[in-house]
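Remember, it's 1-based here, ligands and their atoms both numbered in the order they're listed. Heavy-atom basis, side chains included; hydrogens, waters and symmetry copies ignored.
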Amino acid sequence: MNVHGHRRQEINRAIKDQLERVAHTTLLGLTHPSAIELARRLIEIAPGELSRVFYSDTGAAAMEIALKMALQYWQQCNPPRPRKTKFFSLCNAYHGDTVGAMSVGGIDLFQRAYHQLLFPILQARGAYCYRCHLHASYPACRFACLDEVEQMIAEHADELAAVVMEPMVQGAAGMLVYPAGYTRAVWEIAKRHQVLFIVDEVATGFGKTGTMFACEHEGIEPDVMALGKGITGGYLPLAATLTTEQIYRAFLGTVEQQRTFYHGHTYTGNPLACAAALASLDLFEQDQTLQQLQPKIALLSKELERFKQLSLVGDIRQCGFMVGIELVQDKQTRLLFPGRERVAVRVTKEARRRGVIIRPLSDILVVMPPLSISEEELGMLLNVTYDSIVSILGSSLRTAAKP
Ligand SMILES: *Cc1c(COP(=O)(O)O)cnc(C)c1O
């Protein structure tokens with residue numbers, strides 16, 4: 001989740017300076033200058049009407065907070081709608097490994113063993129276009145898969161607290177990039193049926209998709225947004241849940257009314273982590289990180305073209321700097337390799353021998369470079385990835401049909 005590179009002096013110095021002031025002080029009933037300043041900066045860059053910040057320390061916690069906030073909001077809004085207690089999410093979603101976050105997740109492998117701990121939710125199939133469950137193809141399908149989403153949300157609107165979604169791309173599922181307009185369409189469905197929209201920007205936030213937040217691609221204005229991972233530039237554990245004034249106000253009242261949002265972790269909003277986050281935001285400005293990123297995204301797209309010629313590369317998905325390369329046994333039928341062959345794991349290990357760290361997710365290779373990578377390094381990363389695929393699968397690589 002590194003953003004600006006390792007050993008950035010600006011971030012190191014900010015952490016050391018903070019250490020000279022105070023290493024930790026609680027946010028339970030108190031605050032500190034770095035937390036205040038960071039909240040202000042986050043609100044400035046956040047999409048839509050987000051204007052309040054609740055800190056925590058991991059992405060999963062940021063999502064738990066989002067769920068609890070949405071649930072309690074409906075009990076305390078005016079007039080209260082206490083029947084709105086359920087959540088909707090998409091199959092293949094990933095929101096973290098704690099019980100609530102797992103409950104709204106949709107990757108069977110990660111949660112099978114804990115099934116009895118999880119609360120029931122509503123879930124519809126998403127837009128995994130390469131393996132479309134409707135056997136349709138975009139754009140001719142005109143989002144036929146959204147019918148199921150809309151139907152389910154419409155039918156249960158009275159009991160739905162929120163729709164939960166990773167915007168633009170499902171990361172942990174294997175970099176499943178939705179077709180253009182899909183995220184916005186789901187947001188509009190939620191709005192139409194008066195269901196809150198929670199975006200999980202833990203993976204996509206802080207430039208990974210080419211904009212500061214993935215919501216910006218389609219002008220989405222979420223009610224709640226979870227942030228983590230890149231928030232400190234990848235230096236220290238910190239997360240945040242942002243929400244709107246409207247939701248915040250539902251938690252105000254007299255002591256007797258007991259509208260408090262009862263959630264707090266001991267190390268919530270740790271000052272060292274906040275200092276690192278502030279330095280990281282400064283670097284976004286100083287280095288013009290997002291501007292510098294655009295030609296690198298274009299280069300990445302261009303370089304990925306040649307991977308398409310490989311007969312065992314089935315699909316290549318890219319959203320900014322988030323890339324998934326799906327390996328298949330048969331390109332025509334899209335047949336997967338037998339799991340025991342662990343092809344992506346073997347490719348990954350080969351790449352490591354050649355000096356590059358990439359990650360496998362089942363048979364999908366994940367390429368997600370730090371934003372600060374140079375064009376030269378990007379070239380090396382892709383060369384090694386390409387050569388590693390050829391080296392491991394070479395014997396079974398057939399000449400692909402010319403495009
Ligand atoms: C990584 C991730 C999380 C969980 O964050 P942690 O800090 O690992 O708890 C939640 N949602 C998404 C989309 C993620 O990619």
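Those atoms of ligand 1 that come under 4.0 Å of a heavy atom in T58, given as number and element, are 7 (O), 9 (O). The atoms of ligand 1 that sit less than 4.0 Å from any heavy atom of H95 are 10 (C), 11 (N). Heavy-atom proximity to K229, at under 4.0 Å, picks out these atoms of ligand 1: 1 (C), 2 (C), 3 (C), 14 (C), 15 (O). Close approach of ligand 1 to A60 (heavy-atom distance below 4.0 Å) involves ligand atoms 4 (C), 5 (O), 6 (P), 9 (O). Heavy-atom proximity to G96, at under 4.0 Å, picks out these atoms of ligand 1: 4 (C), 10 (C).
Within 4.0 Å of atom 5 (O) of ligand 1, at least one protein heavy atom is present.
Between the side chains of E245 and S51, at least one donor-acceptor pair of N or O atoms lies under 3.5 Å. Counting only N and O atoms by type, the side chains of H95 and D200 include a donor and acceptor under 3.5 Å apart. Side-chain contact annotation: Q318 with S301, donor-acceptor N/O pair under 3.5 Å present.
An N or O contact shorter than 3.5 Å links D200 to ligand 1 by distance. On a distance-only criterion, G59 and ligand 1 share at least one N/O pair closer than 3.5 Å.
The structure places CD of Q246 at 8.0 Å from SG of C77, a figure rounded to the nearest 0.5 Å.
Shown here for E64 and G100, the closest heavy-atom pair between the two residues is OE2-N, 2.8 Å.
Contact annotation: the side chain of L371 never approaches that of F206 to less than 4.5 Å [non-hydrogen atoms, C-beta and beyond].
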